[in-house]
Each structure stands twice: as structure tokens, then as C-alpha cells.
2 protein chains.
Amino acid sequence: MMVYKMAGHLIRRLNQISTHVFAQHMQQSGLDLTPVQFAAMDAIAANPGIDQAGVAAKIAYDRATIGGVIDRLLKKGYVTRQVSTQDRRARVLHLSNAGQTLFEDIFPTVQALQDEILPGLNAKERALFMELARKAVAPTSPQGSGDS
Amino acid sequence: MMVYKMAGHLIRRLNQISTHVFAQHMQQSGLDLTPVQFAAMDAIAANPGIDQAGVAAKIAYDRATIGGVIDRLLKKGYVTRQVSTQDRRARVLHLSNAGQTLFEDIFPTVQALQDEILPGLNAKERALFMELARKAVAPTSPQGSGDS
DNA sequence: GGATAATAGTAAGTATAGATACTAAATTGC
DNA sequence: GCAATTTAGTATCTATACTTACTATTATCC
């Protein structure tokens, strides 16, 4: 069982715990929102009128996945999608009123749950982990992604 | 864009880089093997005759996902699956000769690629990251998973 | 030893996650 | 200003990843 000592395996486990903690808190809040859906809403909230490719670039996803994510956010009524008047290829995105309310409501919960993602670490270790993670990710983060 | 400072987002990015690096090296080696498939083969190599639920427990997956992973490894001819003589519910797994050869061939590559997963970190930082990651994951790792 | 509970595997359904390819539209080069 | 390239979105396909539910089988308990 060599995988136990490999970075890839540990990172996958961390991601597994992360999504699990997120799902648990959403369920407790009676909400049906996934981590990607939240990230997409964050990108739209910070950049009203952004298009799907823009969202994908901001949160480091491919266009195909984000297309599906936006479909589901549309179906839930959290975002609006309109053909851009500047560029008829692009779809301009905004949070709906319901989406804005939801995002503001859920934000403190999502912020708070982050500490539970690293259950074996104390505050100091978590800060160190975050610093290393940020540094590790930086080289592959595109300019202006903010992902520094 | 609050997600940039959240552990969940950074961990997802790390996992994304990790799977990307893995896929790249496999392609360069002319092989068609995913991270999970490799992890499953590692579990079977270390525990010949283990069943699917055992593999799932060893590498922290659910039974449904592992069922599909084993299906694909079977189709590629890397593992064998037989109904257990002790327990007719269970399927006993072994690496085939081809699987054993492949696993031994690919192992050094997989070992070596781990450093590329954390491109922004030097050796010392990587070691620290690994230690923190192991510690972070430990509380949620079941007894005997080896995932300490 | 027979009802009950637990377990192995599968099936069905949802949601990422990303590669590839295609259409429509915009940009660039000259 | 038009051909060539690039880009936005979608469609298709494969592979996780997990939940719930179901069947078959085994283990447990009284």
C-alpha cells in the first residue's frame, strides 16, 4: 500500500473530506448546493455580468462542466442567463434576487465550515497548511485568477 | 471572490493538478490508467485475494465506485475476479500477470510524479505539506486503513 | 435453528470533471 | 474587407464519486 505515502492520495482524501463537510452543512441548512455551485455563485457575485467562460477561468474549471453547473443553478432559480448584447456567443450571468439572498445567507456557514475540513490540525497548523497550499497552487494559476 | 482564501477551493485545485499530472505521465508512458485504478491495483497487489469492499475500505472509496473501477481493470486485463469460496457474496481479486508487470513497470513513474504535484514547493516545503496533510486526514481514516 | 441484522455486490440516479469536436460568432492579419 | 484564427457555448463520451435501494448471502442472537 504505497499510495498512503503519496501526495496524490492524501490530496484526494482531503478533497473527499472537504466535499463531505460541505454537503453535510448544506443538508443541515436544508439547502441543495454543491461546492462548485457555491464557487460559481461567488464568481458571479463578484463579477456581475460575467459569462460562462469567465466563470470557468475564475474558478479554474473547463467550460463544459461550468455549462452544466449554470444549468442547474438556473433550474434552482439562483442565477439568470441572457445572451450578451456585445457578443452573441456569450451568455451574461447575474445572481437572481433569490440567489443573492441565498448567497448572503449561506456565506457565513461556508466560511465557518472551512476549519472542519482539516480536522486533525490546530489553528496554527491550518494557517501553515493554507500558506503551503496557496504556494503550491500558485504556479498553475492563470494571471488574474486571484488564486495566489 | 472569497473562495480563493478557502481551504476547500485550494484543496480542489491541488486535486485537479494532481490528477492532471498523473494523466500526463500516463499518456507519455502510452498507458491508460487513472489514479483510482492505480490505487486499486496497489491495494490488490498488497492484499492478494482481497474483495471489492476490502479495496474500497483500504483506499477510502465507496463500494459502487470501486465496482466500476474493477470492471474497467478487468476489461483491460489487469485483474482477475472470482466468486469467493468462503463467501459467495464476495468477489476475490488478484492482479493478472499483465497487471503485475504493468504495476511494477509503472510504479517508479508514479512515485516520481508525486513531486510535480506540488510545483510551487521545494523539497522541504513538500515534506512539511505531506506531514500536515497526513495529520489532517488521520482523524477520518478508519482503523487499519494505513492512512496515518 | 430460525428470525434478525449486517454485509457484498449491483443498479439507478445525480453531479462533478475533463477531453474532443462541432457550430456560431467575433477577432486578427494582411 | 475577407480569409484564417480564435473564442463561447453545447454535445458527446468516459470516468470518477457518492447516495439510496435492492438482492443474495452470511453472521448473530436468543
Side-chain angles (χ1 to χ4, degrees), chain A residues 8-9 11-24 26-27 31-40 49-76 81-93 140, chain B residues 8-9 11-24 26-27 31-40 49-76 81-93 140:
Chain A
H9 176 74
I11 289 168
R12 184 189 64 79
R13 292 278 290 121
L14 286 171
N15 196 46
Q16 183 183 41
I17 295 163
S18 171
T19 56
H20 188 250
V21 168
F22 191 98
Q24 239 176 3
M26 287 305 117
Q27 194 168 20
L31 292 170
D32 176 30
L33 206 68
T34 67
V36 209
Q37 288 168 13
F38 176 80
I50 195 173
D51 64 7
Q52 293 182 192
V55 171
K58 287 280 181 197
I59 58 178
Y61 275 89
D62 57 290
R63 295 198 313 274
T65 299
I66 292 305
V69 170
I70 300 297
D71 280 348
R72 286 180 282 278
L73 287 174
L74 259 176
K75 200 151 62 178
K76 293 179 198 174
R81 172 162 62 181
Q82 295 162 273
V83 174
S84 166
T85 52
Q86 333 279 319
D87 183 344
R88 300 221 311 281
R89 292 170 304 179
R91 306 286 180 270
V92 163
L93 302 170
T140 59
Chain B
H9 176 74
I11 289 169
R12 184 188 64 78
R13 293 278 289 120
L14 286 171
N15 195 48
Q16 183 183 41
I17 295 163
S18 171
T19 57
H20 188 251
V21 168
F22 191 97
Q24 241 175 1
M26 288 305 117
Q27 195 168 19
L31 292 170
D32 175 30
L33 206 69
T34 66
V36 209
Q37 288 167 13
F38 176 80
I50 196 173
D51 64 8
Q52 292 182 193
V55 170
K58 287 281 180 197
I59 58 177
Y61 275 89
D62 57 290
R63 295 197 314 272
T65 300
I66 292 305
V69 170
I70 299 297
D71 280 348
R72 287 180 281 278
L73 286 175
L74 258 177
K75 199 152 61 180
K76 293 179 198 173
R81 171 162 63 181
Q82 296 163 273
V83 174
S84 167
T85 52
Q86 333 278 318
D87 182 345
R88 302 221 309 282
R89 293 170 304 181
R91 306 285 181 268
V92 164
L93 303 170
T140 59

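Protein chains get the first letters and strands the later ones, always in sequence-line order, with residue 1 at the start of each.
A residue-by-residue look at A/T65 and A/R89 shows that A/T65 has its nearest nucleotide of DNA chain C further toward the 5' end. Positionally, the nearest nucleotide of DNA chain C for B/T19 lies more toward the 5' end than for the other of B/T19 and A/T85. Residue A/G54 is the one, among B/D32 and A/G54, whose nearest nucleotide of DNA chain D lies closer to the 5' end (criterion: closest heavy atom).
Atom CZ in B/R72 sits 10.5 Å away from atom CG in B/D32 (nearest 0.5 Å). Note that CG of A/D51 is 9.0 Å distant from CZ of A/R89, once rounded to the nearest 0.5 Å.
Side-chain atoms of A/N15 and A/S18 include no donor-acceptor pair closer than 3.5 Å. Counting only N and O atoms by type, the side chains of A/D62 and A/T65 include a donor and acceptor under 3.5 Å apart.
When every heavy atom of A/R63 is checked against every heavy atom of A/A53, the shortest pair comes out as CD-CB, 3.9 Å.
Atom pair B/L74:CG and C/dG9:C1' shows a separation of 14 Å (rounding to whole Å applied). B/I11 places its CD1 atom 17 Å from the C1' atom of D/dA17, with the value rounded to the nearest Å. Between the CG atom of A/L33 and the C1' atom of C/dA15 there is a distance of 12 Å, rounded to whole Å. The nearest whole Å value for the distance from the CD1 atom in B/I66 to the P atom in C/dA8 is 14 Å. As rounded to whole Å, 12 Å separates atom C1' of C/dG9 from atom CD1 of B/I70. The nearest whole Å value for the distance from the CG atom in B/L14 to the P atom in C/dA17 is 14 Å. Atom-to-atom, CD of A/Q52 to C1' of C/dA17 comes out at 16 Å; the value is rounded to the nearest Å. Rounded to whole Å, the distance from CG on A/D71 to P on D/dT12 is 13 Å.
Distances from the side chain of B/Y61 to the nucleotides D/dA17, D/dT19, C/dA17 place D/dA17 closest. Distances from the side chain of B/D51 to the nucleotides C/dA8, C/dA15, D/dA8 place C/dA8 closest. Set against D/dT16, D/dT25, D/dT10, the side chain of A/R91 has D/dT10 as its closest nucleotide. The side chain of B/Q37 lies closest to D/dA15 when the candidates are D/dA15, C/dG9, D/dT12.
Under 4.0 angstrom from either OP1 or OP2 of C/dT16 there lies at least one side-chain N or O belonging to A/T34. The phosphate of D/dT16 has neither OP1 nor OP2 within less than 4.0 Å of any side-chain N or O from A/Q16. Of the side-chain N and O atoms in A/Q27, none sit less than 4.0 angstrom from OP1 or OP2 of D/dT19.
Side chain A/R63 to base D/dG9: a donor-acceptor pair is found below 3.5 Å. Side-chain atoms of B/R88 and base atoms of D/dT25 include no donor and acceptor less than 3.5 Å apart.
Base contact: B/D62 has a heavy atom under 4.0 Å from a base atom. B/A90 comes within 4.0 angstrom of the backbone, heavy atoms only, and of no base. Backbone-only engagement by B/A53 is indicated by non-hydrogen atom pairs under 4.0 Å involving sugar-phosphate atoms exclusively. Among the heavy atoms of the strands lying under 4.0 Å from A/D87 are primed sugar atoms or P, OP1, OP2 only; no base atom is included.
A 4.5 Å side-chain heavy-atom check between A/L14 and B/L14 finds every atom pair outside the cut-off. Residues A/I66 and A/I59 meet the side-chain proximity criterion, which asks for heavy atoms closer than 4.5 Å. A 4.5 Å side-chain heavy-atom check between A/V92 and A/V83 finds every atom pair outside the cut-off.
With axes fitted over five pairs at each extremity, the angle between the ends of the helix from C/dG1-D/dC30 to C/dC30-D/dG1 is 30° (10° resolution).
Here the side chain of A/Q37 pairs a donor or acceptor atom with the backbone of A/T34 at under 3.5 angstrom.
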